[in-house]
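Along the sequence shown, residues are numbered consecutively beginning with 1.
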Amino acid sequence: MMLKQFAKSEDGVAMVEMAIAVTLLLTLTLGFIDFGYALYQWNAATKAVQIGARLASISDPVASALTNAAPISNPGAPVAAGAYGPFVCTYSSGGTGSCSNGGNLSAAAFSRIFRGDTANTNDDACPALATNQRPGMCHFFPGLRRNNVVVTYAATGLGYQTRLGGPVPTITVNLQNISFQFFFLGGLLGFGNMTMPSMLSTVTGEDLKSTSP
C-alpha cells in the first residue's frame, strides 16, 4: 500500500524540475559570459598585433642583421623579392631570443614593440604609461607574454639597393601559443585548452629607426 502511494506521489516534482532547469540556465548564462570574454580576448589580440606591426615599422629592427641585408652590387636597382631573409624573430627569456637566417635578436627593439615607449626591460610586466608615451602590445592585450610574439621581416620587392634609410621590408607581427581564458567553462565543460587561432598584421617598413629614448 505504502509502495503504491510512493509510486503515485508527485511531491518534490517541482523541486526536481527546478534543479534541472536552473542547471541548464546557469550553464547557458555562464557560457554566454565566457564566450563574450573570449570575443574580447580575440579583439584585444587583433588590436595588439596591429599596434605591434605599426611600432615595428618605425622602430629599430628586431633582427639586427636586417640593416645590411639588402644587396648593394647595383646601386639604385630594385631589391628583388626574396633577396634577403626572411628574418623570423622570437623571444626566449632574459633578453635572449633568435631570428632565422642568421639575424641576431635585439632585445631592446623587441621590448619597444612589446612595451611601447616605457623603460626597456626584459620581463613580461606591462607598466602604466606616462604622458605622451606610446603604448605597446601588452597594453592592448593583458596577459600577453613576450614569447607569444613573432616578428618577421621579409623582402617583397620594395626599396632599392644602397637606399640611405636601409632596406624596406614587409613586416608581419603575429601571436603564437595563446589559449582562450575561460572562467567557468574551462572546468565545467573542458574548454580550458582551446587555442586561439593565430592572427597577424602586416605593414611596410618605414624609417626603421627609433627616435624615442
Side-chain angles (χ1 to χ4, degrees), residues 44-70 79 81 83-176 178 198-213:
T46 301
K47 187 63 177 179
V49 295
Q50 293 173 354
I51 293 298
R54 175 58 184 162
L55 284 173
S57 71
I58 57 173
S59 302
D60 296 324
V62 172
S64 59
L66 175 66
T67 305
N68 300 312
V79 175
Y84 57 84
F87 300 107
V88 182
C89 303
T90 55
Y91 189 90
S92 297
S93 63
T96 62
S98 62
C99 298
S100 62
N101 288 308
N104 294 324
L105 181 138
S106 168
F110 197 97
S111 182
R112 187 164 186 267
I113 295 172
F114 185 81
R115 293 166 59 98
D117 290 337
T118 59
N120 290 330
T121 61
N122 295 317
D123 59 72
D124 290 320
C126 197
L129 290 170
T131 304
N132 297 325
Q133 285 186 326
R134 284 173 293 190
M137 297 180 68
C138 67
H139 293 99
F140 290 89
F141 189 9
L144 183 67
R145 302 179 67 84
R146 292 169 187 259
N147 58 15
N148 298 134
V149 179
V150 182
V151 183
T152 303
Y153 301 88
T156 55
L158 302 174
Y160 56 89
Q161 295 185 31
T162 68
R163 177 177 178 270
L164 186 61
V168 183
T170 296
I171 304 171
T172 299
V173 175
N174 67 287
L175 303 180
Q176 64 178 0
I178 298 178
S198 178
M199 65 282 298
L200 57 82
S201 181
T202 300
V203 298
T204 301
E206 295 181 19
D207 286 340
L208 291 177
K209 181 182 294 185
S210 173
T211 57
S212 64

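Contact annotation: the side chain of Val149 approaches that of Leu175 to within less than 4.5 Å [non-hydrogen atoms, C-beta and beyond]. Between Met137 and Asn148, every side-chain heavy-atom pair lies at or beyond the 4.5 Å cut-off. Between Leu144 and Ile178, the closest side-chain pair of non-hydrogen atoms falls below 4.5 Å. Within the 4.5 Å cutoff, side-chain heavy atoms of Leu105 are placed close to those of Val62.
Without hydrogens or angle criteria, Asn174 side chain to Met199 main chain gives no donor-acceptor distance under 3.5 Å. Not one N or O on the side chain of His139 forms a donor-acceptor pair closer than 3.5 Å with the backbone of Ala128. No donor-acceptor pair closer than 3.5 Å links the side chain of Tyr153 to the backbone N or O of Tyr84. Thr170 places no side-chain N or O within 3.5 Å of a backbone atom of Thr204 that could act as its donor or acceptor partner.
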Test Thr90 against Asn147 for side-chain contact (heavy atoms from CB on, under 4.5 Å), laying out the working first.
-> CA-CA 6 Å; Thr90 55; Asn147 58 15; over 6 Å; no
Please report the C-alpha distance between Ser201 and Gln50 in whole Å, then the side-chain angles of each, then the deciding distance to 0.1 Å, and finally whether the side-chain contact (heavy atoms from CB on, under 4.5 Å) criterion is met.
-> CA-CA 5 Å; Ser201 181; Gln50 293 173 354; 4.0 Å; yes
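Taking CD1 of Ile51 as the start and CZ of Phe140 as the end, the distance is 4.0 Å to the nearest 0.5 Å.
In this structure Ser64 satisfies the side-chain hydrogen bond (donor to acceptor under 3.5 Å, both in side chains) test with no other residue, sequence neighbours excluded. In this view, Tyr91 and Phe110 satisfy the ring pair (Phe, Tyr, Trp, His ring centres under 6.0 Å) rule, not counting sequence neighbours.
Within the structure, every pair that satisfies the salt bridge (Lys or Arg N to Asp or Glu O under 4.0 Å) test and touches residues 145-155, not counting sequence neighbours, is listed here: Asp124-Arg145, Asp124-Arg146. The list of disulfide bond (SG atoms under 2.5 Å apart) pairs with a residue in residues 132-170, not counting sequence neighbours, reads Cys126-Cys138. Residue pairs meeting the side chain to side chain donor-acceptor pair (under 3.5 Å) criterion with at least one member in residues 98-109: none, sequence neighbours excluded. For the ring-ring contact (aromatic ring centres under 6.0 Å, His included) condition, no pair includes a residue of residues 46-66, sequence neighbours left out.
Summarising the geometry of Pro167 relative to Thr67, their closest heavy-atom pair is CD-O, 3.4 Å, with the distance given to 0.1 Å. Closest heavy-atom contact between Ala70 and Val79: CB-CG2, 4.3 Å. In this structure, Ile113 and Ala56 approach most closely via the heavy-atom pair CD1-CB, 3.6 Å. Minimum heavy-atom separation, Gln133 to Asp117: NE2-O, 3.4 Å. Residues Ala109 and Asp60 share a closest heavy-atom pair of CB-O, 3.3 Å. Ala155 and Ala83 get closest at one heavy-atom pair: CB-N, 3.8 Å.
For Arg115 and Thr121, the side-chain atoms include at least one donor-acceptor pair closer than 3.5 Å.
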